[in-house]
Amino acid sequence: MNKKTISHWKIKCAALVSHSAFTYTILGFIMINAVIVGLETYPELYTSYQNFFWNADRILLWIFTIEILLRLFAADNLGSFFRGKWNWFDFLIVSAGHLFAGAHFVTVLRILRVLRVFRAVSVIPSLRRLVDALLMTIPSLGNILLLMSIIFYIFGVIGAMLFQNIAPEYFGTLERSILTLFQVVTLESWASNVMRPIMAVEPLSWIYFVSFVLVGTFVIFNLFIGVIVSNVEKTEPKKDEVGDSSEEIRALRKEIRELKTMIHNQSSKIN
């Protein structure tokens with residue numbers, strides 16, 4: 001097979017893997033994989049149809065393997081394919097399914113089947129941008145986490161000093177105090193289970209709890225949300241860039257049509 005033929009098939013393959021129908025088909029198989037993995041959690045069902053689940057997993061694994069091979073073949077070269085972190089993720093998840101295909105790795109294989117569901121993120125561009133934005137927030141969250149730790153420590157020490165004798169199960173030690181504050185900051189039953197029993201003994205204790213909720217929940221969480229939203233906006237493609245790309249595509253299509261016309265005219269002259 002010469003280079004021209006290989007190049008021709010590469011173009012065909014690239015058009016296939018970039019087509020929306022191909023993407024939706026793979027997404028459909030990922031959803032089927034998700035349903036099968038969920039059904040396996042029912043012991044009676046899994047025991048009765050163990051062969052079906054095993055065969056279905058093998059079929060799905062080879063479907064995903066063929067998909068990866070098609071994307072590898074469609075890429076310009078191996079380097080360009082593995083420059084994408086999501087390509088790395090897909091390749092490792094699918095490869096691990098083949099590497100651990102043994103009787104001693106049943107648990108590992110079942111976990112890998114669950115991880116294949118996460119491939120829906122790599123297939124859907126909007127989800128990829130969202131995950132990229134969340135990963136971008138990790139360096140920015142360092143200072144926020146430090147501030148949150150300081151606030152928790154200060155309020156934890158104060159809570160242990162004030163309520164150690166009133167509610168030792170909640171504020172008996174610094175560790176219990178911080179764990180209680182974590183429950184308070186989640187707003188899960190903090191008023192009825194924590195604050196009101198203490199208020200029955202110390203009426204002014206509401207000042208401590210309300211001030212912590214205001215600082216810990218509304219201020220700190222809003223900082224988290226602000227950083228995440230900011231990074232999501234950074235990952236969103238700009239309208240100008242989308243418009244420029246569309247113009248370039250239209251220009252390329254026009255040039256291709258002109259080249260086809262020139263080649264056709266030349267062929268007619270030769271004939």
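Side-chain contact between Phe155 and Ser211 is present, with heavy atoms from C-beta onward closer than 4.5 Å. Taking 4.5 Å as the limit, some side-chain heavy atom of Leu27 sits within range of a side-chain heavy atom of Met31. Between Leu39 and Phe53 the shortest side-chain heavy-atom distance falls below 4.5 Å. Contact check for Arg71 versus Phe81: side-chain heavy atoms found under the 4.5 Å cut-off. You'll find the side chain of Ser149 stays beyond 4.5 Å of the side chain of Tyr153, heavy atoms only.
Rounded to the nearest 0.5 Å, atoms OH (Tyr24) and NE2 (His19) are 11.0 Å apart. Put simply, CZ on Phe171 and CG on Leu179 are 10.5 Å apart, with the number rounded to the nearest 0.5 Å. Annotation: the span from Asp57 atom CG to Asn33 atom CG amounts to 7.0 Å, rounded to 0.5 Å. Remark: Ile63 CD1 to Ile26 CD1 distance equals 7.5 Å, nearest 0.5 Å. Here the CD atom belonging to Glu169 is positioned 8.5 Å from the OG1 atom belonging to Thr180, to the nearest 0.5 angstrom. To the nearest 0.5 Å, atoms OG1 (Thr65) and CD (Glu67) are separated by 9.0 Å.
The number of heavy-atom neighbours closer than 6.0 Å to CZ of Phe22, taken from other residues, nucleotides and ligands shown, is above 12.
Between Trp88 and Phe82, the ring-plane angle classifies as tilted under the 30° and 60° cut-offs.
Asn55 contributes a side-chain N or O that, together with a main-chain N or O of Asn51, makes up a donor-acceptor pair within less than 3.5 Å. No donor-acceptor distance shorter than 3.5 angstrom exists from the side chain of Thr47 to the backbone of Glu44, with no hydrogens or angles considered. Distance alone, capped at 3.5 Å, is enough to place a donor-acceptor pair between the Thr41 side chain and the Gly38 backbone. The main-chain N or O of Tyr46 is never found under 3.5 Å from a side-chain atom of Glu40 such that the two would form a donor-acceptor pair.
Aromatic rings from Phe163 and Tyr170 are positioned such that their centres are separated by 6.0 Å or more. Ring-centre distance between Tyr49 and Tyr42: not below the 6.0 Å cut-off. Taking the six-membered ring where the residue is Trp, the centroids of Phe91 and Phe64 are separated by 6.0 Å or more.
In this structure, Arg58 fails the cation-pi test against Trp62, since its NZ or CZ atom is not both closer than 6.0 Å to the six-membered ring centre and inside 45 degrees of the ring normal.
Here the closest heavy-atom approach between residue Leu61 and residue Val94 is recorded as CD1-O, 3.7 Å. Nearest heavy-atom pair across Gly156 and Tyr208 is N-OH, 4.3 Å. Nearest heavy-atom pair, Leu70 versus Val17, reported as atom, atom and distance to 0.1 Å: CB-CG1, 3.9 Å. Between Ser177 and Ala160 the shortest heavy-atom distance is OG-N, 3.9 Å.
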Kindly list each side-chain donor-acceptor pair under 3.5 angstrom involving residues 181-201, sequence neighbours excluded, with atom names and distances?
residue : atom : partner : partner atom : Å
Gln183  : NE2  : Glu188  : O            : 3.2
Thr186  : OG1  : Gln183  : O            : 2.6

(request) Begin with the C-alpha distance, continue with both residues' side-chain angles, and end with the deciding distance and a verdict on side-chain contact (heavy atoms from CB on, under 4.5 Å) for Leu60 and Ile36. (result) CA-CA 10 Å; Leu60 287 168; Ile36 291 173; 3.8 Å; yes
